[in-house]
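Chain letters run A, B, ... following the sequence lines, proteins first, then strands; residues in each count from 1. These values consider heavy atoms only, across backbone and side chains, with no hydrogens, waters or symmetry-generated copies.
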There are 2 protein chains.
Amino acid sequence: MCGMEKPSNPSEAPEHSFGLLISMIRTELVRALEAALQEEGVDLRFTQFLALKRLALDGPMCAGELARAVDHDAGAMTRVIDQLETKGYVRRQPHEQDRRSLRIAVTDAGMATWQHMAKAHERTLERAQQALSPAERVQLMDSLERVLAALRATG
Amino acid sequence: MCGMEKPSNPSEAPEHSFGLLISMIRTELVRALEAALQEEGVDLRFTQFLALKRLALDGPMCAGELARAVDHDAGAMTRVIDQLETKGYVRRQPHEQDRRSLRIAVTDAGMATWQHMAKAHERTLERAQQALSPAERVQLMDSLERVLAALRATG
DNA sequence: GACACATTGTTGCCTTGACAATTATAACTT
DNA sequence: AAGTTATAATTGTCAAGGCAACAATGTGTC
């Protein structure tokens, strides 16, 4: 009775608001990426993926540094590192100059998994942007960067 | 010691990946909107805001319908409606033809709050897009809609 | 050196959202 | 009409993220 409503006009665009649109894309992207990872046999959630990717690309870094790099709460990052460490993809090493800090390093197993993941990642990203021309993709990323900067600027 | 790292090149763009960029924007947008609402004296979270906005704009609808409209889990939507009902912004009415369904309607207080919110909403959205030209804003929304459609299609 | 203050990582607490199971009602089939 | 299936809302459960409190260590000041 209450199912698929809105018989208004099928030709008209959904006309989503910006906030909802961004939220929906994030949800779908996370779902798509996690599905792609699972197909590849990689058991990682979105956040774990982001952290491992960052470490694999940028090399070892401190926990807080990593948290900022993937825009994650420091407390939550502790647990993400726990998970990655349990899976054997990451190692906590003491920091040379600062005994408060850590040096989070990717293990060999982590690197192997990362190379496995990279394919699934690219495939998902390609699928998301398949309806956009190369120029539009560049424009999209540029606009999004400017939106983010604006939001962060005015605080 | 481990603070603000990355002294590489200040002129170069951060070069975020698409998934992280979308996530960061969502986080900042939610934060900005909730801050703006709070400044306006409206005590609503992002999800509650989305639901009330949808109801205010589209009129009464069923719970499941509303959940789909704001891309929210049905179970979670039950609780959002609980919250909005507790605040007095929304009323659960029985559905005329279907005794399983509900008719979620905005109260007078809810409508007043919505008109209060609308300003904060527009201000936040304007702030987010302030660095984009009108043409770029249209292009951005269009690209995002296409990305969402692509993700949902191959889903 | 002693003190205040800042920073790093961790933990506890709370809220939120996703998913599965449940209940009540409707719709469909025979 | 009886039985089966589908749908609406709710509830329980669990993982994840944000925030505040905390202990350990570093930094700066007198």
Side-chain angles (χ1 to χ4, degrees), chain A residues 1-5 20 23-24 26-32 34-35 38 43-51 60-87 90-104, chain B residues 1-5 20 23-24 26-35 38 43-51 60-86 90-104:
Chain A
M1 174 57 67
C2 237
M4 304 297 117
E5 301 281 332
L20 179 55
S23 285
M24 290 190 295
R26 194 198 108 94
T27 302
E28 290 297 327
L29 201 57
V30 169
R31 194 191 314 270
E34 292 186 347
Q38 200 162 9
D43 183 31
L44 285 181
R45 306 302 300 269
F46 180 66
T47 305
Q48 299 165 357
F49 161 82
L50 283 184
M61 63 183 80
C62 304
E65 214 175 337
L66 178 58
R68 284 188 295 272
V70 300
D71 194 48
H72 210 61
D73 177 75
M77 182 51 74
T78 292
R79 285 142 192 157
V80 172
I81 296 174
D82 287 343
Q83 295 160 349
L84 289 175
E85 202 172 30
T86 300
K87 291 175 191 293
V90 141
R91 218 185 348 248
R92 276 180 169 97
Q93 294 171 337
H95 194 284
E96 315 277 321
Q97 292 95 20
D98 190 337
R99 280 193 301 170
R100 295 169 304 177
S101 298
L102 295 172
R103 210 179 103 100
I104 315 294
Chain B
M1 174 57 67
C2 238
M4 305 295 117
E5 300 282 331
L20 179 55
S23 285
M24 289 190 297
R26 193 197 109 92
T27 302
E28 289 298 328
L29 201 57
V30 169
R31 195 191 313 269
L33 180 60
E34 292 185 346
Q38 200 162 10
D43 183 30
L44 284 181
R45 307 303 300 271
F46 180 65
T47 305
Q48 300 165 355
F49 161 82
L50 283 183
M61 64 183 80
C62 304
E65 214 175 336
L66 178 58
R68 283 189 296 275
V70 300
D71 193 49
H72 210 61
D73 176 76
M77 182 50 74
T78 292
R79 286 147 190 152
V80 172
I81 296 174
D82 287 344
Q83 295 161 349
L84 288 176
E85 203 172 29
T86 299
V90 141
R91 217 185 348 248
R92 277 179 169 97
Q93 294 170 337
H95 195 284
E96 313 277 321
Q97 293 95 18
D98 190 338
R99 282 193 299 170
R100 294 168 305 178
S101 298
L102 296 172
R103 208 180 103 100
I104 316 294

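The local environment of CG in D43(A) is sparse, with at most 12 non-hydrogen atoms from other residues, nucleotides or ligands closer than 6.0 Å.
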Pairs of donor and acceptor atoms involving the side chains of residues 70-77 of chain A, under 3.5 Å and at least two apart or interchain, shall be tabulated with distances.
{"from": "D71(A)", "atom 1": "OD1", "to": "R152(A)", "atom 2": "NH2", "distance (Å)": "3.3"}
{"from": "D73(A)", "atom 1": "OD2", "to": "G75(A)", "atom 2": "N", "distance (Å)": "2.9"}
{"from": "D73(A)", "atom 1": "OD2", "to": "A76(A)", "atom 2": "N", "distance (Å)": "3.0"}

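Dashed line: the shortest gap from a side-chain N or O of R45(A) to OP1 or OP2 of dA15(D) is not under 4.0 Å. Between R79(A) and dT11(C) there is no side-chain N or O to OP1 or OP2 distance below 4.0 Å. Within the structure, every side-chain polar atom (N or O) of Q97(A) is placed at least 4.0 Å from both OP1 and OP2 of dG26(D). Between dT10(D) and R92(B), a contact under 4.0 Å exists linking OP1 or OP2 to a side-chain N or O. An OP1 or OP2 oxygen of dT8(C) is reached within less than 4.0 angstrom by no side-chain nitrogen or oxygen of H95(A). Regarding contacts with the backbone of dT7(D), every side-chain N or O of S101(B) stays at 4.0 angstrom or more from both OP1 and OP2.
At a threshold of 4.5 Å between non-hydrogen side-chain atoms, the residues E34(A) and R31(A) do not count as touching. At a threshold of 4.5 Å between non-hydrogen side-chain atoms, the residues C62(B) and H95(B) count as touching. With a 4.5 Å cut-off on side-chain heavy atoms, I81(B) and L102(B) do not count as touching.
Backbone-only contact: A63(B) has heavy atoms under 4.0 Å from sugar-phosphate atoms and none from a base. Using a 4.0 Å heavy-atom distance criterion, Q83(A) is classed as a sugar-phosphate-only contact.
Comparing dG12(D), dG9(C), dG17(C) by their closest approach to the side chain of A76(B) singles out dG17(C). Set against dG17(C), dT10(C), dA9(D), the side chain of V80(B) has dG17(C) as its closest nucleotide. When distances run from any side-chain atom of D98(A) to the nucleotides dC19(D), dT10(D), dG26(D), the shortest one goes to dG26(D). Between dG9(C), dT11(D), dA26(C), one nucleotide has an atom nearer to the side chain of T78(A) than all others, and that is dG9(C).
One can place CD1 of I81(A) at 11 Å from C1' of dT8(C), the figure rounded to the nearest angstrom. Atom P of nucleotide dT10(D) and atom CG of L66(B) are separated by 11 Å, given to the nearest angstrom. Atom P of nucleotide dA15(D) and atom CG of L44(A) are separated by 16 Å, given to the nearest angstrom. As rounded to whole Å, 13 Å separates atom P of dT10(C) from atom NE2 of H72(A). In this structure, R31(A) atom CZ and dA16(D) atom C1' are separated by 16 Å, rounded to whole Å. Taking atom CD on E96(A) and atom P on dG26(D), their separation rounds to 13 Å, with Å as the unit. Distance CE (M77(A)) to C1' (dT10(C)): 14 Å, rounded to an integer number of Å. One can place CG of L102(B) at 15 Å from P of dA24(C), the figure rounded to the nearest angstrom.
Of the options V80(A), L66(A), I104(A), a side-chain contact (heavy atoms from CB on, under 4.5 Å) to V90(A) is made by I104(A) and by none of the others.
Every residue two or more places apart in sequence or in another chain was checked for a side chain to side chain donor-acceptor pair (under 3.5 Å) with Q38(A), and none qualifies. For R91(B), the side chain to side chain donor-acceptor pair (under 3.5 Å) test picks out no residue, with sequence neighbours left out. Judged as a side chain to side chain donor-acceptor pair (under 3.5 Å), and not counting sequence neighbours, E96(B) has no contacts.
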Identify all pairs in which a protein N or O lies below 3.5 Å from an N or O of nucleotides 1-4 of chain C, and state each distance.
none

Restricting both atoms to N or O, compile the protein contacts to nucleotides 20-24 of chain D shorter than 3.5 Å, with distance only.
none

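In this structure, R103(A) and T27(A) both approach DNA chain C, and ranking their closest nucleotides by distance from the 5' end singles out R103(A).
Nearest heavy atoms, R26(B) versus S23(A): NH1-OG, 2.9 Å.
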